[in-house]
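The residues of the chain are indexed from 1 along the displayed sequence. Whatever order the structure lists ligands and atoms in, that order sets their numbers, starting from 1.
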Amino acid sequence: MAYEYALVHAKFTIPFALLLTLIAYPILTRIHLVQISCLIFVAFSATLPWDAYLIASNVWTYPHDAILGPRLLGIPLEELFFFVIQTYITSLVYILCNKPLLHSLYLVSQKSPKRWIRMGKLAGQILLASITLLGAHLVQRGGPGTYLGLILAWAPPFALLTWTVAGRFILSLPWFATALPILLPTVYLWLVDELALGRGTWSIESGTKLGLRLFGALEIEEAAFFLATNTLIVFGMATFDQYLAVIYSFPHIFPEVPRTPTPLMLVESRLLGSSAYDFDRLDGLRDAVKVLQQKSRSFYLASSLFSGRLRINLTLLYSFCRIADDLADSTPTKSDVLAWTAKLTHLLDLFYHGLPSVCLLDAPPPARPSPPLGPLRLLIKGFETDAQFAPQGSDNIKQKQQQQQQQFPIATEQDLLDYAECVAGTVGELCVALIVHHCDPHMSAARRQHLCAAACRMGIALQYVNVARDIVVDAAIGRVYLPTAWLAEEGGMTPADVIARPEGPAIDRLRRRLLDRAFEMYDEARPSMEGIPGEGRGPMVAAVETYMEIGRVLREGGERVVRREGKNRDRATVPGGRRVWTAVRGLYGQ
Ligand SMILES: CC(C)=CCC/C(C)=C/CC/C(C)=C/CC/C(C)=C/[C@@H]1[C@@H](COP(=O)(O)OP(=O)(O)O)[C@]1(C)CC/C=C(\C)CC/C=C(\C)CCC=C(C)C
């Protein structure tokens, strides 16, 4: 039947490619499409002459009734399509397997590569060169080894090239980032090939093959072909990613990175020696990723959905916020917290106003007034509110009452709103500022202002969820973020009562009241997220939704959910599968 080969695509390769596209499309960026297109072009160019030779030499033959008819250099249309769709499938599998990774962290293998990486790269080069020579020998000898020789003399030189360029980077990546995207498509295509060979869709002329089969009707040469070609594709993608990682990681070399780095930038990145890399920055980035991973499963999962320098900058922003917040939380006295916030403000002065660089955390903050409060300063101001919870001893009754008021600074809902705006509304604004900078730097001021206002609102919503979740945890460290006025409405409760017993029906009612306010603000701000530009929207929606899911879990389970044992004792958490599912739905804009 003339459609036999075409049916192989219709039944096996195209559906698989469509499934992978459906799964990958929310995380695919323009640079991914450039990578895949470049690889398809290289694969097509490299395979065309080789394939044409095999067909001309009658290594491969196709029953006339199995193909549609059109050919290029004797190669059937369906075979030409195979070059494209195999490259596409394997590239998508590679992209999906590598999405969790921040490739910048694997550049460190260029600095002083571990001995096994150095030896591994050399061993790989020797192995690939040897296989090439073996292939040449088999071709030269002719006979049954011809087809295998043609594979081994053709593919390994290309692999040797990419391995020489990116071998250390490839070896430093986890196995699921390289071996898995090679093996998964390879095994799938072995099965497809076995079916096709078994049905006679194509055949390998006897006299040019060894007659060995991996399983079923799958000739060893066909198995080697798919393993070799998928290895080439993965090595090609990894080489691309190594140089993209250089571009994204070093603003001192590439100050501005467009949404799609230019070929010139890739060449510059390739020509750059690793001596120009800022390895201290890579170490700092590694620490920031550790902080993110340890401190927030919601944002850690969401961060992996971003790409490029935006992902790096959001990770660094999270790390700054988190460390600043932890400093405010873990410092015993109010004066110490204020000292830390002054130093952080000084740090911002140094970064954003180019003040003389001194050792940041030792020098006393300058006497000069800080620049106008931007989101970062408001964030730090918010931490100063946390400092007021630190108890201050006093014997004087009046002073004690005053201290009491001071010690619980969230007297009204407005106080809570102001505090949440400082510590979280600002974070929303900062996130949007980063996304606009990277994804739509020419956005109109009006649209930017609208997004920032909505982002601030959403940040407050998340903070309210945070407060509702952490009533028990906060009480344990002497903090009550529930407005004192709300407490008074609950039978004259006081913050001291909450600290003494942060549970019970009254607390549940207050938690629900707080969550209701949180979801009101979420509902107000959520529609504006559709206006987040480009590749930032899906991941940011995923980040917000996974966090708000904590609030949904609390609403469903209330006190029962909060009282938990184990690592997250007294804090409601979203079960892992539900968190991932929420992120995926957010990514797809559900
Ligand atoms: C994907 C990614 C890495 C995003 C980074 C977002 C970011 C920079 C978060 C920093 C959070 C942080 C540590 C701030 C310090 C103060 C604080 C603790 C705020 C509370 C966050 C909880 O953080 P975390 O999960 O680490 O702590 P717990 O596990 O809960 O203890 C807050 C709840 C505030 C978080 C607020 C935001 C992330 C802003 C949300 C708003 C947007 C993303 C903008 C949405 C856009 C529009 C247009 C509506």
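- In this structure, S298 does not count as a contact residue of ligand 1, since none of its heavy atoms falls inside 4.0 Å of the ligand.
- Near F299, with a cut-off below 4.0 Å to any heavy atom, the atoms of ligand 1 are 1 (C), 3 (C), 23 (O), 25 (O), 38 (C).
- Taking every heavy atom of L317 and a limit of under 4.0 angstrom, the matching atoms of ligand 1 come to 8 (C).
- Between Y318 and ligand 1, an N or O atom pair is found at a separation short of 3.5 Å.
- Under 4.0 angstrom from ligand 1, the non-hydrogen atoms of R322 come from both its backbone and its side chain.
- Comparing heavy-atom distances from atom 17 (C) of ligand 1 across V423, V432, L292, I323 singles out V423 as nearest.
- For ligand 1, the atoms lying closer than 4.0 Å to a non-hydrogen atom of M458 are 49 (C).
- Counting the atoms of ligand 1 from 1 in the order shown, those under 4.0 Å from a heavy atom of A454 are 49 (C).
- For the ligand labelled ligand 1, residue F306 lies inside the 4.0 Å heavy-atom shell.
- Distances between N or O atoms of S303 and those of ligand 1 include no value under 3.5 Å.
- Heavy atoms of Y300 found under 4.0 angstrom from ligand 1: none, in either backbone or side chain.
- Using modelled atom types and a 3.5 Å distance limit, the side chains of S298 and T546 yield no donor-acceptor pair.
- The aromatic rings of F299 and Y547 sit parallel to each other, their planes meeting at less than 30°, with 60° as the upper class boundary.
- A salt bridge is defined here as a Lys NZ or Arg NE, NH1 or NH2 lying under 4.0 Å from an Asp or Glu carboxylate O, and E549 with R579 fails to meet this definition.
- Under 4.0 Å is where a charged nitrogen must lie from a carboxylate oxygen, and between E489 and R513 at least one such pair does.
- D516 has a carboxylate O that lies under 4.0 Å from a charged side-chain N of R555, or vice versa, which qualifies the two as a salt bridge.
- Of all atoms in ligand 1, listed by their number and element, those nearer than 4.0 Å to a heavy atom of V544 are 43 (C).
- The existence of a salt bridge linking R526 and E545 is confirmed by a sub-4.0 Å separation between a basic side-chain nitrogen and an acidic carboxylate oxygen.
- Proximity to C431 (heavy-atom distance under 4.0 Å) selects the following atoms of ligand 1: 6 (C).
- Every atom of ligand 1 with a heavy atom of Q463 under 4.0 Å away is listed here by number and element: 19 (C), 20 (C), 32 (C), 33 (C), 34 (C).
- The side chain to side chain donor-acceptor pair (under 3.5 Å) with E535 is formed by just one residue from the set H32, R311, R259, R30; it is R259.
- In this structure, a donor-acceptor pair under 3.5 Å is present between the side chains of H438 and N313.
- Between the CZ atom in F320 and the CG atom in D325 there is a gap of 11.0 Å [rounded to 0.5 Å].
- The closest side-chain heavy-atom distance from H437 to R309 is not below 4.5 Å.
- Side-chain N/O atoms of Y248 and D241 include no donor and acceptor closer than 3.5 Å.
- Salt bridge absent: E384 and K334 never bring a charged side-chain N and a carboxylate O closer than 4.0 Å.
- With a heavy-atom cut-off of 4.0 Å, N466 touches ligand 1 through its side chain alone.
- Note: no N/O pair closer than 3.5 Å links D325 and ligand 1 by distance alone.
- Residue T315 has no nitrogen or oxygen atom sitting less than 3.5 Å from a nitrogen or oxygen atom of ligand 1, judged on distance alone.
- At a 4.0 Å heavy-atom cut-off, ligand 1 touches A455 through backbone and side chain alike.
- Of all the atoms in ligand 1, the ones that sit under 4.0 Å from a non-hydrogen atom of R469 are 28 (P), 29 (O), 30 (O), 31 (O).
- Residue-level proximity to ligand 1 for M540 is carried by the side chain, the only part with a heavy atom below 4.0 angstrom.
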